[in-house]
Amino acid sequence: DARVTQTPRHKVTEMGQEVTMRCQPILGHNTVFWYRQTMMQGLELLAYFRNRAPLDDSGMPKDRFSAEMPDATLATLKIQPSEPRDSAVYFCASGSPGTANTEAFFGQGTRLTVV
Amino acid sequence: AQSVTQLGSHVSVSEGALVLLRCNYSSSVPPYLFWYVQYPNQGLQLLLKYTTGATLVKGINGFEAEFKKSETSFHLTKPSAHMSDAAEYFCAVSESDSWGKLQFGAGTQVVVTP
């Protein structure tokens, strides 16, 4: 069945290392979101794309985070260099506006731990 | 700008009892409203949503919610709690002119006791 796929599910890395998280949106969805979940801040929107173009990345720390969609089947979120405060669960979601099913479907998340 | 307030970070209910989770929102344009459920180590699953039309919305697993514009509320209810309802529940708002940009509440952890 159709689902949003995120890899890896878990990642432990050392401070200063580069981290890349990947998301495969549901086929046919033209909008992709990246959310971050922490105990302190809850769920926050980092960035989102429509038709592979970034629409809003105001929630994302610009100095170390970058998000891209190399093609319609892959979205990436990179952190370089990573810091302990980046430890969180990162969710990708996809959907298509203007359809009868006006919802975004979430992946299972990447749990990132930066030590 | 939009925001969501969920009253109560933890709720404990007895199995078979009413589940009531409160959500109030603010939005400068007609809102789309959502309730999501998150089980441990899982992503978010949509329970139900309100976009337009009927203000009483029925969702999965026996949950329903009522959009009350005058009270800016979208409370979630289930008549009879089941052990499998133990999870975290998030209310979210999206403005109708910015599809998909969800503003989440802080979440309510539901514990179901036998």
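Just so we're on the same page: letters track the sequence lines, and every chain starts at 1.
- Heavy atoms closer than 4.5 Å to chain B are found in the side chain of A:Gln37, but not in its backbone.
- For the residue pair A:Gln80/A:Gln17, the side-chain donor-acceptor check at 3.5 Å is not satisfied.
- Sorted by first and then second residue, the ring pair (Phe, Tyr, Trp, His ring centres under 6.0 Å) pairs involving residues 57-94 of chain A (not counting sequence neighbours) form an empty list.
- A tilted orientation is assigned to the rings of B:Tyr50 and B:Phe74, their planes being inclined by 30° to 60°.
- Proximity to chain B at a heavy-atom threshold of 4.5 Å picks out A:Thr31, A:Phe33 from residues 21-34 of chain A, in numerical order.
- Proximity to chain B is limited to the side chain of A:Leu45, based on heavy atoms less than 4.5 angstrom apart.
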Run the side-chain donor-acceptor check on residues 12-24 of chain B: report pairs under 3.5 Å with partners two or more places apart or on a different chain.
residue: B:Asn24; atom: ND2; partner: B:Glu71; partner atom: O; Å: 3.2
residue: B:Asn24; atom: ND2; partner: B:Thr72; partner atom: O; Å: 3.2

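- Per-residue counts of heavy-atom pairs under 4.5 Å with chain B were compared for A:Gly95, A:Gly109, A:Gly42, A:Ala93; the largest is that of A:Gly95.
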In sequence, state the C-alpha distance, the side-chain angles, and the governing distance for B:His75 and B:Glu66, and then conclude on side-chain contact (heavy atoms from CB on, under 4.5 Å). CA-CA 6 Å; B:His75 302 329; B:Glu66 187 171 11; over 6 Å; no
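- Taking both residues in full, the closest heavy atoms of B:Ser84 and B:Tyr39 are given as O-CE2, 3.5 Å, listed atom of the first, atom of the second, then distance.
- Inter-residue side-chain proximity for A:Arg111 and A:Lys11 is flagged as unmet; no heavy-atom pair is nearer than 4.5 Å.
- Partners of B:Lys78 under the salt bridge (Lys or Arg N to Asp or Glu O under 4.0 Å) rule, at least two apart in sequence or in another chain, are B:Asp85.
- Contact annotation for B:Gln103: neither backbone nor side-chain heavy atoms come within less than 4.5 Å of a heavy atom of chain A.
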